[in-house]
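Below is one structure, written out as structure tokens; comments come after it.
Because only heavy atoms are used, hydrogens play no part in the values below, and waters and symmetry mates are left out as well, while side chains stay in.
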Amino acid sequence: MAITVNGPVPDDRLGIVAAHEHLLYGLPGWHDDPAVLFDRPKVFDALLAALREFKAAGGNSLMDASGTLCGRDPEFLKALSAAAGINIIASCGLGAQELIPGYFGLPLAERALREQRRDGEPPLWIPDAGYIGGMLGAEMSDGMPMAGMVRSRACAGFVLCACSAQPASEIEEMAIRGAAMAARRHDVPLRLEGGAHAPRLFPLITAEGLAAGRVVIGHCDDARCLDSARDRELASQGAYVAYDHVGWQDGSPHAMPDAQRVQQVKDMVAAGYAERVLLSCGTVGCGLGVPASKHGVSHLLKDFVPRLSGAGVGDSALHTLLVENPRRLFAQL
Amino acid sequence: MACVNTVLGPIHPDELGVTATHEHILWGPPGWEYDPEWWFHPPKVFAKCLADLVEYRELGGTTVVCCSGIGLGRDVELYRMLSRYSGVHIIAASGFHEGRNISPHFQDKSIDEMAALFEHEVSAGIGDSGVKAGFIKVGHGHYDISELEEREHRAAARAARRTGCAIITHGAWFGLQELEIFASEGLDLSRVVVSHCSSANVMDIERDKAMAGMGAFCSYDTFTIEPTWNVGSYAGDDERKADLVKAFIDAGHIDRLILSSDVNLFSLGWTRSSPYTGKTTMADMLRYLPGVLRRVGISESTFWKVMTENPKKVLPIE
Amino acid sequence: MAHLNTVLGTLHPEEMGITAVHEHILFGPPGWEADPGAWFKMGKVFEKCYNDLMDFKLQGGATFIDASGIGSGRELDVHIKLASATGLHVVASTGFLGELFTAPHFHARDADYFETLFVHELTVGMGRTRVKAGVINAGGGAQPMTRLEAAQHRGAARAARKTGAAVMTHAINALDEQLAIFREEKLDPARIILGGCDTRLDLERDKRVAKAGCYVAYDHVGLESWSRMAHALPDQRRAELVKAMLDAGLGDRLIVSAGSSGWVLGQGEDHLSNVGNVLRYFVPRLAAAGVAEADVRRIFADNPKRVLPIQ
Amino acid sequence: MKVETLTGPVAPQDLGIVAMREHLLLGRHGWHWAPEVRFDRAAAFESVLARLEAFKKRGGGTLVDASGITLGRNVPFYRRLSELSGVHIVASTGFGEQSSSIPGHFLGRAYRVSTDARQHWVREIPGHFYSSHGESKEYLMFLFYNELTEGMAAPCMIRTGIKAGIVQTGSAWDGVSRLEEFSIRAAAMAARHAGVSVITTSAGQARRHFELLSAEGLEAQRIVIGHCDDARAVDLGRDRSFAEKGAYVAYDHIGWEKDAPHAMADDERVALVKAMVQAGYAERVVLSSSAVGAAMGLPASSHGYERLLADFVPRLDRAGIGEAVLETLLVDTPRRLLAASQDEEAAEQLRAFAEGFRSASRQQRWDV
């Protein structure tokens, strides 16, 4: 059972799923910047056209991976999903260190000041993994929070966490363990952004009791840290490996030609891990203060899939990659 | 590319959802603040309106159109706070009300000056707030359409033609004459909502059919007002109003039907209901109206369809 | 013509009267909306802020400078409604309060970006509105000053020179770097209010910067020793500080404020201090410490009237 | 005997030279919603302060702002101007002409209940809002009386402790409407109970105003008929008849010859004043310039408050009006008019009636 913004959908009716897209994406605080223009009706129309094109190309579902703070607007996604007839599975979770705002960092900074305080002070509230886990769990059961301290009826369908370049900071570790707790308690997938640190963080996640079949290691097609052995190792442990920046071929440090990605997928299928690979374009439908992606969601089905079949990946394998794997990701374990 | 101007910025028509098309968050004739008898404690009023809007949202409503015009209780900053902290889209109005409720500053303005004012508020924004009005509100009194009110109607028609926004009127006493004025100004009558067609003293199904025939929307919006509330033309038992709506639907004009409850979450300088009646809100309409309509043969699904589809036809600005 | 940008329009300096220079209506780090544990009933909080401001007004206050920067509690609609409901002149401010109080969207920005942003908010309007900010915040607190905070200070100094607004700093930890940046940007010291001078006590330092022309702000009045903030100390010490500065003839460079907030976003009601308590409790304490009535008037009315308006 | 000014009560002898009818801020209710009216409060404060200081420099002591409640009055703004310029400012309460200064809130009461028989479905429920207040002179009287005795309303629903010192009233040029009649009668009753004077605005209906004010028991010595120097209705006989009855006549549009369409040239006005003085009514004439400090959406006056003393008084000198007469015109008469003479016993009796009246109105108001 997959929790979409318009209610639960049985996993066998998800159809072709784009595992990692951003319909709206912006760094937290983008709304305070007068330079960022968010013309809501125009963006709604543009995304509606993109989703209809994706539907025409055969797509049925889409996983929006903007997380709690990076531009996600639950009511907007609800209306968009209803208008386009596409299942949108929204995500919750705090991103990498530079995307976590001061609210979560302040108590830790204040604790450093605290050492100099005298005893007898009232205890200082400090968020920990359990608190973050409860917070994200409520987003999946009660509804995603909107601006203005109001919960939307739309619930999040999966959790995401991330780790920036250095070893995970205290806040990142707290966010990752919290996300894992929430994913285990609500039995939803967890997406770990960034393949570079996956081997070190994977045991941290499974230590929280989350089944490996619920973990997706995202952005394994990052040009900066390609490692097919790591992909196979993670796949063998039961996690999903996502090549989800299809179409990002130039203009950013993590870009690489799609042909290389075709080769990556072929290697994994050849190695027998076809059930452990997810594909997506990682497009940014509307960039709120960040550049939008030049290609659309339908690039996966219109351009990449023909390349794969041309390169010898059979239809049954394609069906596994695009339909079976996402279905199994959300199915009852 | 159609859009709807809410107080928190333009939204796409598909996001309107269930819309109460003729409501008031605050409404009162201009100048109430000079009368200390009617002063109130602003935070209590904000808390009360916020609670009502949250209840409206929990019952399924998503959008409220506040028809309080310039100087008649429109308070854009308060609406932004209410919209932000209740999750309900709020659409603010430009335009005035009937002749005597136009603030003295505007009473001797010419048609073009008023049209420029309405157009400015719909296209550029209201004052310094940067919030754009979503439609224009005009109205007429119980007895006639005065010269000032005709000026207001013509100005609204010109502004509506230039900006593409809708016009919501107050009062159906002279609905047909209003539509003639709009037609003489060359306005497409499908952009007009004639309100209070279900006022007690002016229920006239022939007039409503004629107006619907000309393309205008007929708004039956005085439902939850308790019959015991005596004064003014809105009272009247809801069963007769429900029969009127049934007749209107049977005449094949369901796509020109607007349902609403014209409540005031807080009345400025007067009291909407006497001490004998409760204070109804939009949430009470969503709770009460389906039952009233079901008793005259209108299904609940029809009610929710009308509340969702018809406002989407008239409110968006092309 | 010198004027002050309030949220309801401009204001003549003569109308400022007794001014609360460094206060907050809502204050908190960005990102609190994501945590429902930090949510509150906006009706209750609006009423509490209204009561705080009305209490300040009934104590004799007339102008209220809200020092919550961008993204850390500045809500224009709340400011405008409170200003129109209480009759106080509420001034919103632009700028940021330091690394932790800056939203991630602004982390990768440089001084030029901050300069154009502050100038836009002071001269055109904040966000989509045409309501202008009145003062620039330059927060900080990290020791040594981080890159982002240095860029914010530099942007604030340039915007202040371009628009004529005053700059209000929030922490004294990296004072030397702050003053170095302001000197480098050739910002007139008379346009700088150094906040937080009563967190790390150093009377000589206060005298030195006051002689250089900066305004010294003791802006944590009411944070008594029982509070959990690191820099809490008894108000009597602050009264003595003010008396010492007056005796040194630097009364024209003194600002006193409570640094209170109506509601701390993410931590709830701020019991620590209240904007009305400065006039209710601290002014009698100053009188008991031997401060003349004229000096109190100078600190609370004349000094803000000289430094805050946009020249 | 004291005069309520914005900086507190003042002894009548300290008023000095008084300009009986001026405007500090002037704007019809609703100007703040008009995008074309750009009101810069700092600049307005500066320009009004400059005009007040010029008035003070010329020897002016007191200025009466006759805008009434709804024509842009801003009590904290006025108080600060008075403190800074040193000029005593007497504020006014009351409504003027209906179309320009009585907003819709008050119109509803007069029309809604007073309509003709076609309102057959109006069932009167005792205590319901309309029936208990429609057509009620007492309601408007208490509105003005409270501003004279308790304090004027600041623009944020707060009653300041600053009291109004005079009541201004009036009507349209061509007739007195129903609500204008109520507001004139209410002004007379409030002035009588508070012991202050009434000054009317347009002279078109001067006699009708005088009848209405006298009918409510206001003595003639408390009535000032304003704008008698309007070029459309100059009538020395009328002015003389008012003076005989003990009322006052105000020639209060000095300096408007260039700006206003129906203004009288100052020389004609000098002749008018000279005629009244020679007829022996020097103590019944009041002079003023109706200058506007800052206008919001209405025509501003190019001349300031000092025009009366800088330009008009020298003209009177040249026309042979003696120093003693000028003293009467500018100091003695205004002092008599502005000195409030409220006796405590009448005030106590009224307070009891007010409590009964207020509880009746509050009983049906929905308290939030």
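Here NE2 of His12(B) is found 10.5 Å from CG of Leu47(A). Values are rounded to the nearest 0.5 Å. Taken from NE2 in His89(B) to CD in Glu75(A), the straight-line distance is 6.5 Å, to the nearest 0.5 Å.
Of the atoms belonging to Phe38(A), not a single heavy atom falls under 4.5 Å from chain B. At a 4.5 Å heavy-atom cutoff, the contact between Lys42(A) and chain B is made by backbone and side-chain atoms alike.
Put simply, of Gly9(B), Ser86(B), Ser83(B), the one with the most heavy-atom pairs under 4.5 Å next to chain A is Ser86(B). Considering only heavy-atom pairs separated by less than 4.5 Å from chain A, the leading option among Val4(B), Leu8(B), Ile11(B) is Ile11(B).
Among all heavy-atom pairs drawn from Pro10(B) and Pro41(A), the shortest one is O-CD, 3.4 Å. When all heavy atoms are compared, the tightest approach of Ala79(A) to Asp14(B) is CB-O, 4.3 Å. Residues Arg153(A) and Arg57(B) approach most closely at NH2-O, 3.2 Å, considering heavy atoms.
Atom CZ of Arg161(B) is surrounded by 12 or fewer heavy atoms from other residues, nucleotides or ligands within 6.0 Å. Remark: Arg162(B) CZ is packed, more than 12 non-hydrogen atoms of other residues, nucleotides or ligands lying under 6.0 Å away. In this structure, Arg151(A) places its CZ atom where more than 12 heavy-atom neighbours from other residues, nucleotides or ligands lie under 6.0 Å away.
Checked by atom type and distance alone, the side chain of Arg84(B) never pairs as donor or acceptor with a backbone atom of Met149(A) at under 3.5 Å.
Interface with chain A: from residues 298-314 of chain B, no residue qualifies, criterion being any non-hydrogen pair under 4.5 Å.
Note on residues 130-160 of chain A: pairs passing ring pair (Phe, Tyr, Trp, His ring centres under 6.0 Å), not counting sequence neighbours, are Trp125(A)-Tyr131(A).
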